[in-house]
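One structure below.
Since this is a predicted model, take the numbers as computed values, not measurements.
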2 protein chains.
Amino acid sequence: MSKLNIQKAALSHFARSGYEGASLSQIADEVGIKKPSIYAHYKGKDDLFLHVVRDVFHTVQRRILEYFQARNGEPVEDILNGLFGWIRQEYEQDDAAKCLLRMVYFPPDKLYQEIADIANPFIDGMQRKLISYLRQSHQVGTFLCTDYEEAAVAYITLVDGAIIELIYGGPERYGKRVQAAWLIYWRGVTSQTGRDLTS
Amino acid sequence: MSKLNIQKAALSHFARSGYEGASLSQIADEVGIKKPSIYAHYKGKDDLFLHVVRDVFHTVQRRILEYFQARNGEPVEDILNGLFGWIRQEYEQDDAAKCLLRMVYFPPDKLYQEIADIANPFIDGMQRKLISYLRQSHQVGTFLCTDYEEAAVAYITLVDGAIIELIYGGPERYGKRVQAAWLIYWRGVTSQTGRDLTS
DNA sequence: GTCTATAGTTGGATAGAC
DNA sequence: GTCTATCCAACTATAGAC
């Protein structure tokens, strides 16, 4: 019972302050217990941290797949474009996404390898899922581009760049960035290839 | 003399470990002095940190402008696309870019406002410069898209998304991502607008 | 499982000799 | 300017009573 509360409080602190910035005292305070009680559930700070990180990656992965399943059958354009709005909601609602990003981009020195072993399969899996999704959509005629991997990689780049603005600039700037980037991306993906309009 | 060495060592540590993760002892060790000697040059950790951050932003800004000036006159496509290669070199060479990103995306709690006051003018300035550059290029016929702000914002999104992969995935994955994202971006920017190719 | 008490370490910061 | 010595606060972690 307390174990789950500890993990939730820890997530919030790790997401906001990072591994080094978070302290077990503050986490215990938020749960309403004393610091040594944490050691009845976790071996130490590292153990608690890695439990949180693993849970965060599993949660985010599950939620993304749920999004795609929930909107299955809709046009690819709506689903891919709609994901940006979904991301904003997720990011504002809980700390899992923020924590995940922080761990992926700036993991604590001493746990770099452990986190990489968690993050790499997550990222590769997401990219594979997206490519196979685009290929499947192309077969049913809802997606024009034929180079799925290129379209998928470019899309993920868009998502990453947008999230960066969500973290730093906030929801409003995020919205403007998404609008501009998506419009050009979709135009680039749906235009006929082989044309060379460069001056 | 020592002041500059301290700042260089501090930059390296802040870039790798962040504000909380870096310690004055380690910084002093790298310089070859004792910890209290730092206080002869800086008021404390915060003071040293903010000096490093300010220097990092000024340096990066200056170097970006130098890049655009050095390639002035070349086609927009080459300059914008070439910036990705330039970024990779910069990022590998020194820690300034990495430190800058870390501070923008995950600033330390207690110095959030101070860092925002440094980062916001930098980002806004870069965006304004890019927009005016695209407008100027359009007048000389080297750039097709007429919505400069849209093209600029989308381009910056691309850069951010690519840098994320540079931090995490390394140069090889960065290269693949840039290739895919740039191709689609440039196609989207140079295609005629108004066409609706969505299924 | 949770507590009090405390060990042991490290952090930032200061005083004062040289 | 740099050092030694030191202070104080905060941290992780453990021992042992209940």
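- Residue-environment remark: CD (B/Glu30) exceeds the threshold of 12 foreign heavy atoms within 6.0 Å.
- Whole-Å rounding puts the A/Asp46 CG to D/dC11 P distance at 16 Å.
- If you take NZ of B/Lys35 and P of C/dA15, they are 15 Å apart, rounded to a whole angstrom.
- In this structure, NZ of A/Lys43 is placed 16 Å from C1' of D/dT14, rounded to the nearest angstrom.
- When the side-chain nitrogen and oxygen atoms of B/Ser2 are compared with OP1 and OP2 of D/dT2, one or more of them lie within a distance under 4.0 Å.
- We find that CG of B/Leu24 is positioned 7 Å from P of C/dA13, with the value rounded to whole Å.
- The nearest whole Å value for the distance from the CD1 atom in B/Ile38 to the C1' atom in C/dG11 is 12 Å.
- Across C/dT2, D/dC3, D/dT14, the shortest atom-to-atom separation from the side chain of A/Tyr39 is found for D/dT14.
- Of the candidates C/dC3, C/dG11, D/dT2, the closest approach to any side-chain atom of B/Ser25 belongs to C/dG11.
- If you measure from atom NZ of B/Lys34 to atom C1' of C/dG16, you get 18 Å, rounded to the nearest angstrom.
- Stacking of A/Lys45 on the aromatic ring of A/Tyr19 is recorded, both the 6.0 Å distance cut-off and the 45° axial limit being met.
- Cation-pi geometry between A/Lys98 and A/Phe14 is not satisfied (NZ or CZ under 6.0 Å from the ring centre, within 45° of the ring normal).
- No N or O donor and acceptor, one from the side chain of B/Lys45 and one from the base of C/dG11, sit under 3.5 Å apart.
- Under the 6.0 Å cut-off for aromatic ring centres, A/Tyr133 and A/Phe68 qualify, their centroids lying closer than that.
- Distance, B/Tyr42 OH to D/dG1 P: 11 Å, rounded to whole Å.
- Contact annotation: B/Ser37 side-chain N/O to D/dC3 OP1/OP2 distance is under 4.0 Å.
- Residue A/Ala22 is classed as a sugar-phosphate contact, given heavy-atom separations below 4.0 Å to backbone atoms only.
- For B/His13 and C/dG11, the NE2 to C1' distance is 14 Å, given to the nearest whole Å.
- When distances run from any side-chain atom of A/Pro36 to the nucleotides D/dT14, C/dG11, D/dG1, the shortest one goes to D/dT14.
- A donor-acceptor contact closer than 3.5 angstrom links the side chains of A/Asp47 and A/His51.
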